[in-house]
Student: 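Below you will find the structure I want to go over with you.
Just so it is clear: chains get the letters A, B, ... in the order the sequence lines come, proteins before strands, and each one is counted from 1. Keep in mind the model is a prediction, meaning the values are calculated, not measured.
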Protein chains: 4
Amino acid sequence: MNLSLDLDSEVPIYQQIRDRIVEAIACGEAREGDPLPSTRQLAADFGINFHTVNKAYDLLRHQGVIRINRKSGAVIRRDAASGPPEAGFTDDWEERMRVLLAEATVHGLDRDEVVRRCETLLEGFRS
Amino acid sequence: MNLSLDLDSEVPIYQQIRDRIVEAIACGEAREGDPLPSTRQLAADFGINFHTVNKAYDLLRHQGVIRINRKSGAVIRRDAASGPPEAGFTDDWEERMRVLLAEATVHGLDRDEVVRRCETLLEGFRS
Amino acid sequence: MNLSLDLDSEVPIYQQIRDRIVEAIACGEAREGDPLPSTRQLAADFGINFHTVNKAYDLLRHQGVIRINRKSGAVIRRDAASGPPEAGFTDDWEERMRVLLAEATVHGLDRDEVVRRCETLLEGFRS
Amino acid sequence: MNLSLDLDSEVPIYQQIRDRIVEAIACGEAREGDPLPSTRQLAADFGINFHTVNKAYDLLRHQGVIRINRKSGAVIRRDAASGPPEAGFTDDWEERMRVLLAEATVHGLDRDEVVRRCETLLEGFRS
DNA sequence: GTGGTCTAGACCACG
DNA sequence: GTGGTCTAGACCACA
């Protein structure tokens, strides 16, 4: 897994880590059962504080994406093949999607264009 | 326009205001040329500080969604019918969409289900 | 003289009026001794408050560009042919020019390009 | 970097801060990658509120002059050597230059004198 | 009456 | 220790 972070972005680093890992799983680059780098390892690679990585992993754990063993470190717990989403996820997700689509609409992105772009992006996640 | 805010949300209030206004425009509830409530008025309505509203309006102005006139306050400047998006918008938007779609994929939302939900949401924006 | 104002600009209207009149004089469209429209006339033309026009004229009077007679209204008092600037003008002007040139430099506008553009603009003021 | 502010000026303090920083970069006193003082530090130095500095930094960030990092504070992002200006900058800049040159013309500053002063000022920005 | 500026101070998020 | 958010209130600029 090859993560790329922008330390100067306005997006918090811990969230970028989360986003990149989620994308990697969506792409099929990482699957259920695969191990993640140790927090200290990842922190060292990017020259960031390991607490930051910790926070990202904690977020992912909270969202049910990974599980953390004291011994074997972080392991991916779910991917596209792990079944339907947990209760509550979809509503929250749809709310965020609603805002994003509203934004596209207001800025004049054509409805079909939007759907096409979504389909293309999803196609990139076909494992 | 009827905005609803959650003052206890982790989402900053000024961003909620922005989101609600963008949604209202996408829905066709508000159109190009329509006036927005004055900053102090809106602040009073929600029991929040007018600086917070100010920040939301400033954000919308920077994004080209509204224009601000010393005399008549804030006015909607663009809606779905105002033409194609400005340069740079689409790339940024797609990046955010990519993350959101990756998240759906990882949590097991079916690809077709995702597209269907997007289409439904967009349908709701048909004015 | 054909003034064009943008009522939604972030630049105050009274200053836009001032700017347009100064430009008109620089272009040679208006000369020393020429009358300006009455404040009420100008206000009516643009649908703005006549106090706003008043403020613009007052500014111009203060800067020595026009003089105001109760009877004959506002009249242009100086143009390019009226001799050298008053004491104090040049220093203040250069200070503003300094900032503007610094901005161009920082944003990567080539030094020669800047001078060329200035010359072109000045050429447009040759009466 | 040694900034000097006039707290009694009619020019907003946050804009003076912006102007001084832009000038410092133009002069070569500060370059791409150089850190700026923290908002609270700078505010303390001048006896002003940190929100005021915040606004200045925010302006500079929006104009692409600095980037802001949660950890290391504000850092200069562009200087004269960072390539050509972004789209839209030059038009806006020329519009302001037009007004400034018109003013010089009306006040009787000789055309050659104006160009000479511009060249001298630009010479001062040669790092 | 509108928004803009500045001050002051509290609390939180990030790293 | 850094910036970000929010509140509260004063005063000014603009129209």
Student: Give, ordered by number, those residues of residues 42-66 of chain C having at least one heavy-atom distance below 4.0 Å to an atom of DNA chain F; if nothing qualifies, reply none.
Tutor: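 Under 4.0 Å from DNA chain F: C/T52, C/K55.
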Student: Do D/E103 and C/R18 sit within salt-bridge range, that is, some charged N less than 4.0 Å from a carboxylate O?
Tutor: yes
Student: Please identify each residue that fulfils salt bridge (charged side-chain N to carboxylate O under 4.0 Å, His left out) with C/D6, with sequence neighbours left out.
Tutor: none
Student: D/N49: what forms a side-chain hydrogen bond (donor to acceptor under 3.5 Å, both in side chains) with it, not counting sequence neighbours?
Tutor: D/H51
Student: Test of understanding: with side chain to side chain contact (heavy atoms under 4.5 Å, CB included), list the residues that count as partners of A/E29, not counting sequence neighbours.
Tutor: A/A24, A/C27
Student: Suppose we screen for side chain to side chain contact (heavy atoms under 4.5 Å, CB included). Which residues come up paired with A/H62, at least two apart in sequence or across chains?
Tutor: none
Student: Please list, chain by chain and in numerical order, all residues satisfying side-chain hydrogen bond (donor to acceptor under 3.5 Å, both in side chains) with B/N2, sequence neighbours excluded.
Tutor: none
Student: With sequence neighbours excluded, tell me which residues meet salt bridge (charged side-chain N to carboxylate O under 4.0 Å, His left out) with D/D45.
Tutor: none
Student: Reading DNA chain E from 5' onward, which residue's closest nucleotide shows up sooner: D/R40 or B/N69?
Tutor: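 The 5'-side residue here is B/N69.
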Student: Listed by chain and number, what are the salt bridge (charged side-chain N to carboxylate O under 4.0 Å, His left out) partners of D/R61, not counting sequence neighbours?
Tutor: D/D58
Student: Under the side-chain hydrogen bond (donor to acceptor under 3.5 Å, both in side chains) rule, what pairs show up with a residue in residues 19-28 of chain B, not counting sequence neighbours?
Tutor: B/R20-B/E23
Student: 5' to 3' on DNA chain E, which nucleotides open and close the contacts with chain D (atom under 4.0 Å from a heavy atom)?
Tutor: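 On DNA chain E, the outermost contacted nucleotides are E/dT5 to E/dG15.
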Student: Both D/G73 and B/I13 contact DNA chain F. Taking the nearest nucleotide for each, which residue is further toward the 5' end?
Tutor: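 Closest to the 5' end, via its nearest nucleotide, is D/G73.
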Student: Check residues 69-76 of chain B and write down every donor-acceptor pair under 3.5 Å in which the side-chain atom is one partner and the other belongs to a residue at least two apart or another chain.
Tutor:
residue	atom	partner	partner atom	Å
B/N69	OD1	B/K71	N	2.7
B/N69	OD1	B/S72	N	3.4
B/N69	ND2	C/L7	O	2.9
B/N69	ND2	C/D8	OD1	2.9
B/R70	NH2	C/E10	O	2.5

Student: Based on Watson-Crick and G-U pairs with both distances under 3.5 Å, what dot-bracket line describes DNA chain E 5' to 3', crossing pairs as [ ] and inter-strand pairs as |?
Tutor: ||||||||||||||.
